[in-house]
Protein chains: 2
Amino acid sequence: MPAKSKRSVCPLACALDLFGDRWTMLVLRDLFVGKSQFGEFMKSPEHIASNTLADRLERLVAARLVETFRSEERPGADGYRLTAKGSSTRPILEAIMNWGLANIRGTEARLQPK
Amino acid sequence: MPAKSKRSVCPLACALDLFGDRWTMLVLRDLFVGKSQFGEFMKSPEHIASNTLADRLERLVAARLVETFRSEERPGADGYRLTAKGSSTRPILEAIMNWGLANIRGTEARLQPK
DNA sequence: CTGTATCCAGCCGGATACTG
DNA sequence: CAGTATCCGGCTGGATACAG
């Protein structure tokens with residue numbers, strides 16, 4: 001989690017404070033791909049640590065980008081899904097992914113709408 | 001500077017490894033605004049440390065997003081400017097800024113074309 | 001399996017001083 | 001002013017164990 005900008009009014013700096021760190025972005029990516037369970041995020045190739053994942057989900061929920069829901073097939077466990085506010089970050093992730101695809105050798109597309 | 005993704009092929013993860021950390025993004029923002037001198041970056045409201053700034057500029061140059069040039073009015077000092085590759089990140093910064101403007105109270109637009 | 005809790009090494013970066 | 005160098009406190013996050 002990035003350090004908070006000291007009273008910056010820059011929308012870039014403030015947005016980055018909210019979800020601009022690497023792990024948060026990758027969790028958002030997984031949410032866009034349709035993942036919702038703790039274990040699904042854990043399976044991603046970047047291998048996030050369980051405490052880090054819990055931390056990022058908590059922050060995203062606190063920022064209202066993500067909300068939890070009761071999964072009927074998995075009682076006792078939370079499901080995580082994007083809110084409308086969270087979904088509105090999609091153009092950002094798409095812009096970064098498109099740049100990566102165009103500029104970094106060996107990268108492969110993901111983030112199919114689900 | 002973020003830790004490198006261990007052989008990830010995700011264009012998002014790889015792009016974030018390149019310029020996805022807070023300070024790097026803010027330096028890019030300043031470049032888009034037209035700043036080119038070390039001292040100009042230092043004056044930004046987020047107050048980057050001089051060693052951190054030097055590090056980020058070096059990384060950006062190494063990644064070919066930025067190049068140095070000889071400033072005729074400031075001999076003995078490097079000027080920094082975006083390369084074409086660096087300029088191509090503009091849609092990313094714009095997407096984040098637009099999100100911040102729309103979703104975070106108290107933020108104000110910048111990144112006027114210069 | 002879904003998280004929570006600790007431990008702790010390593011890195012990030014702020015402060016500061018210093019050189020050309 | 002541009003940039004480098006060093007110190008070092010604090011946070012990040014990997015590893016691991018554990019609970020429900």
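Within every chain, numbering begins at 1; the chains are lettered A, B, ... in the order of the sequence lines, protein sequences first and strands thereafter. Computed over heavy atoms, backbone and side chain alike; hydrogens, waters and symmetry mates excluded. Note that the coordinates shown come from a computational prediction; the quantities given were computed from them, not determined experimentally.
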| message | So for atom CZ, which belongs to Arg81(B), do other residues, nucleotides or ligands contribute more than 12 heavy atoms lying within a distance under 6.0 Å? | response | yes
| said: Can you tell me which nucleotide in dA2(D), dT2(C), dG13(D) comes closest to the side chain of Arg56(A)? | reply: dG13(D)
| Residues Glu94(A) and Arg29(A) bridged, charged N to O under 4.0 Å | no
| query | Rounded to whole angstroms, how far apart are CG on Asp55(B) and C1' on dT4(D)? | reply | 12 Å
| query | Which heavy atom in Gln37(B) sits nearest to a heavy atom in Gly79(B), and how many Å separate them? | reply | NE2-CA, 3.9 Å
| said: Any base atoms under 4.0 Å from Tyr80(A), or only sugar-phosphate, or nothing? Heavy atoms, all strands. | reply: sugar-phosphate
| said: Could you check whether the side chain of Ser50(A) and the base of dT2(C) have a donor-acceptor pair of N or O atoms closer than 3.5 Å, going by distance alone? | reply: no
| task | Would you kindly check whether a donor in the side chain of Thr52(A) faces an acceptor in the base of dT12(D), or vice versa, at under 3.5 angstrom? | result | no
| Over how many whole Å does the gap from Glu58(B) atom CD to dG3(D) atom P extend? | 11 Å
| field | Euclidean distance, atom CZ of residue Arg70(A) to atom P of dG3(C) [Å, nearest integer] | value | 9 Å
| said: Quick check: closest heavy atoms across Glu67(B) and Leu82(B), and the distance to 0.1 Å? | reply: OE2-O, 4.5 Å
| Nearest-Å distance, CZ (Phe38(A)) to P (dT4(C))? | 7 Å
| Transitively linked via ILVMFWY side-chain contacts under 4.5 Å: Leu57(A) with Met42(A)? | yes
| Which one, dA2(D), dG13(D), dG3(C), comes nearest to the side chain of Trp23(A)? | dG13(D)
| query | Does a side chain donor of either Trp99(A) or Thr89(B) reach within less than 3.5 Å of an acceptor in the other side chain? | reply | no
| Could you give the angle between the helix axes at the two ends of the helix from dC1(C)-dG20(D) to dG20(C)-dC1(D), with five pairs per end, rounded to 10 degrees? | 30°
| Choosing from dG13(D), dA2(D), dG3(D), which nucleotide comes nearest the side chain of Ala77(B)? | dA2(D)
| request: Mind checking Asn51(A) for me? I need base, sugar-phosphate or nothing, with any heavy atom below 4.0 Å counting as a touch. | output: base
| field | Contact under 4.0 Å: Arg22(B) side-chain N or O vs dG13(C) OP1/OP2 | value | no
| query | Do Arg56(A) and Thr24(A) have side-chain N/O donor and acceptor atoms under 3.5 Å apart? | reply | yes
| query | Met42(B) CE to dA2(D) P: how many Å, rounded? | reply | 9 Å
| task | Whole angstrom is fine here: how far is it from NZ in Lys43(B) over to C1' in dG3(D)? | result | 15 Å
| task | In whole angstrom, give the distance that lies between atom CG of Leu53(B) and atom C1' of dC12(C). | result | 15 Å
| request: Return the value, rounded to whole Å, for the distance between atom CD1 of Ile48(B) and atom P of dG3(D). | output: 13 Å
